[in-house]
Amino acid sequence: MTATTNGADDTVLEVSGLTVTFPSDDGAVRAVRGVDYTLRRGEVLGIVGESGSGKSVTSLAVMGLLPRTAKVTGEIRFDGRDLLELSENQLNSVRGERIAMIFQDPMTSLNPVYSIGYQIAEAVLAHREVSKAQAKERAVELLRTVRIPNPEQRIDSYPHELSGGMRQRVVIAIAMANDPDVIIADEPTTALDVTVQAQVLDALKVAQQATGAAMVLITHDLGVIAGHADRVLVMYAGKPVEIGDVEDIFYRPRMPYSLGLLGSLPRLDQPTDRLTPIPGSPPSVVNMPSGCPFSPRCPLVSSVCHDSEPELTTVRPGHRAACHHSDRMVDTAADELFEAGSVADPDPVGDAQGAVTTEVDR
Ligand code: ADP
Ligand code: MG
């Protein structure tokens with residue numbers, strides 16, 4: 001593609017002002033409340049947040065896979081078109097081919113009655129004018145690329161004959177065969193053993209690099225993103241609360257929630273008894289109270305947090321955070337912020353939430 005004068009030439013996918021609401025008997029479920037992101041050619045964007053934060057609904061909206069009851073607003077620009085404006089037929093030519101989706105359970109994507117070789121060869125044949133024998137050869141090659149041992153024999157296996165990790169690698173091989181522009185992987189390793197997780201993440205990286213596709217890597221576990229993402233978007237209660245380069249999020253987070261996610265992550269450079277999980281749980285996205293949705297769990301909470309929900313604001317070039325107190329986050333460590341009674345503010349406003357100690361009063 002030739003460069004354009006506005007410098008936006010390498011954008012493959014642009015999501016702006018995306019909201020998704022589901023009707024329910026208890027009121028509207030505001031699953032996604034305004035997501036914006038730009039995905040550049042060849043980059044990996046990690047989307048992280050606790051369960052229920054709207055990560056999957058955001059991606060299903062991009063794929064046009066939400067149930068009809070969902071009310072969707074905003075824009076999803078891909079290849080110059082707004083995907084939300086396309087007919088089902090037009091979407092079908094984008095979905096799976098130009099934008100591939102990898103789900104937590106590989107069996108959602110594999111057909112149990114065909115051999116894996118057949119399924120990969122079909123994807124190859126859909127994109128290249130090759131003979132069946134050549135397609136099969138390419139299928140073996142793809143299986144080898146995603147590091148399936150003995151691909152010549154494995155090719156005749158059926159999905160149920162493979163382990164979960166191998167099945168997920170077959171799904172990745174199919175995605176590669178489709179030569180997509182974008183790969184969206186939603187919790188691709190969550191169902192797998194820790195030892196297998198690394199292999200599947202490596203296979204994803206190989207696929208992404210070999211196809212030159214941009215990737216959205218969705219996970220509830222920041223550890224999965226380390227070493228794989230270029231940029232990270234942190235979601236909370238249906239909204240991005242921080243976005244920046246992976247180094248910004250890991251070393252200089254400016255939203256207490258991001259720091260909390262980091263604090264609950266085992267680190268090689270710290271003993272594991274220093275893990276500091278975030279107290280409490282995310283709010284319901286039905287009838288949400290006003291103010292910052294994270295305020296009931298936040299050690300930095302003050303009255304302004306109850307009054308208004310903070311907008312994403314630039315804190316450094318390319319790094320945005322939604323927090324009224326992001327200035328106070330500079331040089332703060334997770335265990336300082338979230339450990340009871342050690343809130344960074346020398347003169348705390350209001351009661352620190354979750355200030356429960358296991359020690360008795362002295
Ligand atoms: P996650 O970040 O764990 O992927 P989801 O995007 O799946 O979260 O869900 C976001 C919110 O939307 C949750 O509160 C979930 O219950 C709700 N939700 C998801 N799908 C539906 C649906 N089809 N109907 C109603 N509510 C839904
Ligand atoms: Mg999900």
Side-chain angles (χ1 to χ4, degrees), residues 13 15 17-37 39 44-74 76 83-84 99-109 164 168 171 182-192 197 200-201 204 215-225 228-229 232-243 249 255 257-258 260-261 264-265 277-278 280-289 292-294 296-297 309 312 322:
L13 181 70
V15 175
L18 181 71
T19 74
V20 181
T21 309
F22 299 99
S24 90
D25 292 343
D26 302 322
V29 179
R30 299 176 65 203
V32 176
R33 301 184 301 123
V35 168
D36 301 273
Y37 68 78
L39 195 61
V44 179
L45 173 72
I47 299 186
V48 65
E50 284 163 297
S51 173
S53 55
K55 307 179 300 293
S56 294
V57 170
T58 299
S59 302
L60 292 172
V62 173
M63 297 295 286
L65 292 175
L66 287 170
R68 282 179 194 284
T69 52
K71 186 168 178 289
V72 186
T73 67
I76 300 170
L83 296 185
L84 292 178
I99 307 181
M101 183 118 186
I102 294 166
F103 295 96
Q104 179 173 330
D105 177 3
M107 287 312 283
T108 2
S109 316
Q168 198 61 301
V171 173
V182 176
I183 299 172
I184 301 179
D186 189 356
E187 308 268 8
T189 61
T190 301
L192 303 172
Q197 281 187 4
V200 170
L201 286 172
L204 262 178
M215 182 156 82
V216 179
L217 178 57
I218 301 169
T219 172
H220 65 281
D221 177 0
L222 254 183
V224 162
I225 281 178
H228 289 275
V232 178
L233 181 136
V234 181
M235 296 238 346
Y236 192 76
K239 254 191 156 172
V241 291
E242 185 155 11
I243 183 163
I249 305 299
M255 160 70 193
Y257 178 63
S258 312
L261 289 176
S264 40
L265 204 66
I278 311 171
S281 47
S284 154
V285 284
V286 188
N287 303 320
M288 274 181 54
C292 174
F294 188 60
R297 304 170 74 185
E309 183 167 4
L312 270 183

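Each ligand, and each atom within it, is numbered from 1 in the order the structure gives. Residue indices begin at 1 and follow the sequence shown. What you see is a predicted model; the values in this text were computed from it and never measured.
Checking atom 16 (O) of ligand 1 against the protein gives no heavy-atom contact under 4.0 Å. Checking atom 22 (C) of ligand 1 against the protein gives a heavy-atom contact under 4.0 Å.
Proximity of Val285 to ligand 1, defined as any heavy-atom pair under 4.0 Å, is confined to the side chain (atoms from C-beta onward). Contact annotation: for Ser24 versus ligand 1, there are no heavy atoms closer than 4.0 Å.
Taking the side chain as every heavy atom from C-beta outward, Phe294 and Val241 never approach each other to under 4.5 Å. The shortest side-chain heavy-atom distance between Pro283 and Arg297 does not fall under the 4.5 Å cut-off. The closest side-chain heavy-atom distance from Tyr236 to Met255 is not below 4.5 Å.
Atom CE of Met215 sits about 7.5 Å away from atom CD1 of Ile102, to the nearest 0.5 Å. Note: Ile278 CD1 to Leu261 CG = 4.5 Å, rounded to the nearest 0.5 Å.
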(request) Please assess Lys239 against Leu312 for the test side-chain contact (heavy atoms from CB on, under 4.5 Å), listing each intermediate value before the final yes or no. (result) CA-CA 10 Å; Lys239 254 191 156 172; Leu312 270 183; over 6 Å; no
(request) Using the side-chain contact (heavy atoms from CB on, under 4.5 Å) rule, take Val216 and Val62 through it: C-alpha gap first, then chi angles, then the decisive distance, then the call. (result) CA-CA 11 Å; Val216 179; Val62 173; over 6 Å; no
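With hydrogens and angles ignored, the 3.5 Å screen pairs a side-chain donor or acceptor of Lys55 with a backbone N or O of Gly49. Using modelled atom types, one side-chain atom of Arg33 and one backbone atom of Ala237 make a donor-acceptor pair closer than 3.5 Å. With hydrogens and angles disregarded, a donor-acceptor distance shorter than 3.5 Å links the side chain of Gln168 to the backbone of Phe103. Remark: the backbone N or O of Val234 is not paired with any side-chain donor or acceptor of Glu242 at under 3.5 angstrom. With Asp26 contributing its side chain and Asn287 its backbone, the two residues share no donor-acceptor pair below 3.5 Å.
Geometrically, ligand 1 and Thr58 share no nitrogen or oxygen pair separated by less than 3.5 Å. Taking any N or O of Phe22, backbone or side chain, none lies under 3.5 Å from an N or O belonging to ligand 1. In terms of polar-atom proximity, Ala31 is not counted as a contact of ligand 1, lacking any N or O under 3.5 Å from an N or O of the ligand. Considering backbone and side-chain atoms together, Gly52 places an N or O closer than 3.5 Å to an N or O of ligand 1.
In this structure, the protein non-hydrogen atom closest to atom 7 (O) of ligand 1 is Ser56 CB, 3.6 Å. Closest to atom 6 (O) of ligand 1 among all protein heavy atoms lies Val57 N, 2.8 Å.
Per-residue contacts place Ser53 under 4.0 angstrom from the following atoms of ligand 1 (heavy atoms of the residue considered): 1 (P), 2 (O), 8 (O). If you number the atoms of ligand 1 from 1 as listed, the ones under 4.0 Å from a heavy atom of Pro67 come out as 23 (N). Of all the atoms in ligand 1, the ones that sit under 4.0 Å from a non-hydrogen atom of Ser51 are 3 (O).
Among protein atoms, those of element N, O or S found less than 2.8 Å away from the Mg ion (ligand 2) are Ser56 OG.
Nearest approach of Leu18 to Ile76, heavy atoms of both residues: CD1-CD1, 4.0 Å.
The closest approach between a heavy atom of Gly54 and any atom of ligand 1 is below 4.0 Å.
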